[in-house]
Amino acid sequence: MDVHSKDFLWGASTAAHQVEGNNRNSDWWALETGHGRDMFEPSGLAADSYNRYPEDMRLLADAGLKAYRFSIEWARIEPADGVFDDRELAHYRAMIDEATKNGRKPVVTLHHFTNPLWFVQRGGWTAPDAVEKFTRYVQKATEILGGVEWVITFNEPNMLTLLISMAETLQGNDGAALTAPPEGSRLPTPSLQLGARIAEAHRAARDVLHENTIANVGWSISASALVATPGNEQKFVETKYAWEDFYFEVARDDDFVGVQSYTSQIVDAEGVVPHPEHPDNTLTGWAYRPDAIGIALRNAASIVGDVPILITENGIATSDDTRRIEYTTGALSAMMAAIDSGVDVRGYLHWSALYNYEWGHWAPTFGLIAIDRETLARTPRPSLAWLGSVANQEDAAWAAIAAS
Ligand code: BGC
């Protein structure tokens, strides 16, 4: 699809736990306020987007961004095993209605890292009936998904498996508080066994969604733009498979696939190499690599074939908004080169719409709209108007992308 067509989805993304606030029945809330309290800051009220979402959506739409990706929260909809909260379902339906006004398009994620606490307490994703429990929630959620054209079952199933393995590794004995792993330590390789379980849940959810809604269904994958180092090609292939290619293979049967890219990493004899320190590293400690999205898109397309791609996340943690515009200009230039080489990209959703809770930390500020942590006042950054000007096909923005 032509990026200049009116159907190309230009927008921004968020996730419930990172912006809503007070997600009290979730496993992450329990972690932040319990055994993870020494390692993580609490999410608390977050950006209070649970109440302020009309303002957030209006700011995006006024800037010219027609698509808003957000997640509905399983832990709110089903706060106890088998108990569904109709008020929360109505709340999310109201969000969908707001995001659909004036031809706008919601992209709805059903699972973005958080689980209901009850689900985790009974064994989480390794419990024998985990898929059944998730599918029951998805079935219920279809009641409010009427008219939604884009549904993501799982956000980053590959990072979800990694998070689950890390939680197991870091888990202190007898409920002892978690401590952060030493800086620069390597992440474990995501477990393919667990990945297969999440894939089973994805397929079951997809079937339920196809039966009950008109939605295009897919999942969104963390794409690390991995690059081999000389002599380690075999390790590279194995590592890339466990980190992401397995998940792209599953997407071959989907209506679309979400690609989420921020940076690039090399693979040596032991696997993925942590980012070396560098003055250009972003606030998450990641290498500044606007070109990463190009590597990520080509790798995705080489596996999913003609399944359309939505860029469901791309962005930078920085306090310097000029740098955010510079990064995104470079990323869009890399996206255009990938499209020119034949990759079928249907949309670009920036991460993030708002400054948000970055899984345990408030300092890394992704976002087109700043949030004052005291007053919760919203201040659009220049990058919001700039991305709007890209979406509105303004010449100056496109000339900079072409020149980048
Ligand atoms: C996640 C987001 C996260 C972002 C930046 C992705 O892994 O989907 O929830 O905030 O990257 O770290």
Side-chain angles (χ1 to χ4, degrees), residues 11-21 23 26-29 31-32 40-41 43 46-47 49 68-75 107-115 152-167 187 190 195 198 202 218-226 243-244 247 257-265 272 274-275 281-290 292-293 296 300 310-319 323-324 327-328 331 348-371 383:
S13 299
T14 59
H17 190 73
Q18 294 179 268
V19 297
E20 285 184 340
N23 187 19
S26 69
D27 57 345
W28 263 86
W29 185 276
L31 177 71
E32 294 151 32
F40 296 131
E41 292 176 273
S43 55
S49 205
Y68 182 52
R69 173 184 173 219
F70 59 93
S71 67
I72 64 172
E73 183 60 50
W74 182 10
V107 177
V108 179
T109 312
L110 303 183
H111 186 284
H112 195 123
F113 292 160
T114 45
N115 300 291
I152 294 169
T153 57
F154 285 92
N155 176 73
E156 298 190 348
N158 46 346
M159 289 305 110
L160 177 65
T161 58
L162 195 84
L163 285 172
I164 298 169
S165 323
M166 281 174 74
L187 293 170
I198 311 286
H202 165 67
W219 62 0
S220 61
I221 298 167
S222 168
S224 303
L226 298 175
W243 274 71
E244 58 189 64
Y247 302 87
V257 64
V259 169
Q260 315 202 148
S261 159
Y262 294 89
T263 186
S264 172
Q265 277 174 281
V272 177
H275 296 282
N281 281 2
T282 69
L283 290 178
T284 36
W286 302 343
Y288 178 83
R289 292 292 300 274
I293 188 76
L310 269 191
I311 296 171
T312 38
E313 288 184 25
N314 172 253
I316 176 172
T318 178
S319 54
R323 200 161 157 74
R324 191 181 328 282
Y327 173 91
T328 313
Y348 174 89
L349 303 172
H350 189 82
W351 185 271
S352 165
L354 313 173
Y355 281 15
N356 59 44
Y357 179 67
E358 179 59 22
W359 305 111
H361 309 281
W362 284 103
T365 42
F366 292 90
L368 305 169
I369 301 169
I371 308 286
S383 52

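Computed over heavy atoms, backbone and side chain alike; hydrogens, waters and symmetry mates excluded. It should be emphasised that the depicted structure is a prediction, and the values quoted were computed from it without experimental measurement. Order of listing sets the numbers, starting from 1, for every ligand and every atom in it.
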| Proximal ligand 1 atoms for Gln260, defined as those under 4.0 Å from one of its heavy atoms | 8 (O)
| query | With distance as the sole test, does His111 use its side chain to make a donor-acceptor pair with the main-chain N or O of Thr114 at under 3.5 Å? | reply | yes
| message | Tell me whether ligand 1 is touched by Glu156 - counting only heavy atoms on the residue side and a distance under 4.0 Å. | response | yes
| note | atom 4 (C) of ligand 1 has as its nearest protein heavy atom Tyr262 OH, 3.4 Å
| query | What residue and heavy atom of the protein are closest to atom 5 (C) of ligand 1, and at what distance? | reply | Glu358 OE2, 3.3 Å
| field | 4.0 Å heavy-atom contact, Thr284 with ligand 1 | value | no
| said: Tell me if the centroids of the rings in Tyr247 and Trp219 come within less than 6.0 Å of each other. | reply: yes
| request: Could you tell me whether Tyr288 and Tyr327 have their ring centroids closer than 6.0 angstrom? | output: yes
| query | To the nearest 0.1 Å, how far is atom 1 (C) of ligand 1 from its closest protein heavy atom, and which atom is that? | reply | Glu313 OE1, 3.3 Å
| task | Might you work through the side chain to side chain donor-acceptor pair (under 3.5 Å) test for Thr109 and Arg69, ending with a clear yes or no? | result | CA-CA 7 Å; Thr109 312; Arg69 173 184 173 219; 3.0 Å; yes
| Would one find an N or O of Trp286, backbone or side chain, under 3.5 Å from an N or O of ligand 1? | no
| Does the separation of the ring centres of Trp28 and Phe40 fall below 6.0 angstrom? | yes
| message | Before we go on, tell me: are the rings of Trp29 and His17 under 6.0 Å apart, centre to centre? | response | no
| message | Under a 3.5 Å distance rule, please check whether Asn356 uses its side chain to pair with a backbone N or O of Val19 as donor and acceptor. | response | no
| said: List ligand 1 atoms under 4.0 Å from His112, heavy atoms only on the residue side. | reply: 1 (C), 2 (C), 8 (O), 9 (O)
| message | Distance under 4.0 Å to a non-hydrogen atom of Gln18: what atoms of ligand 1 satisfy this? | response | 2 (C), 3 (C), 9 (O), 10 (O)
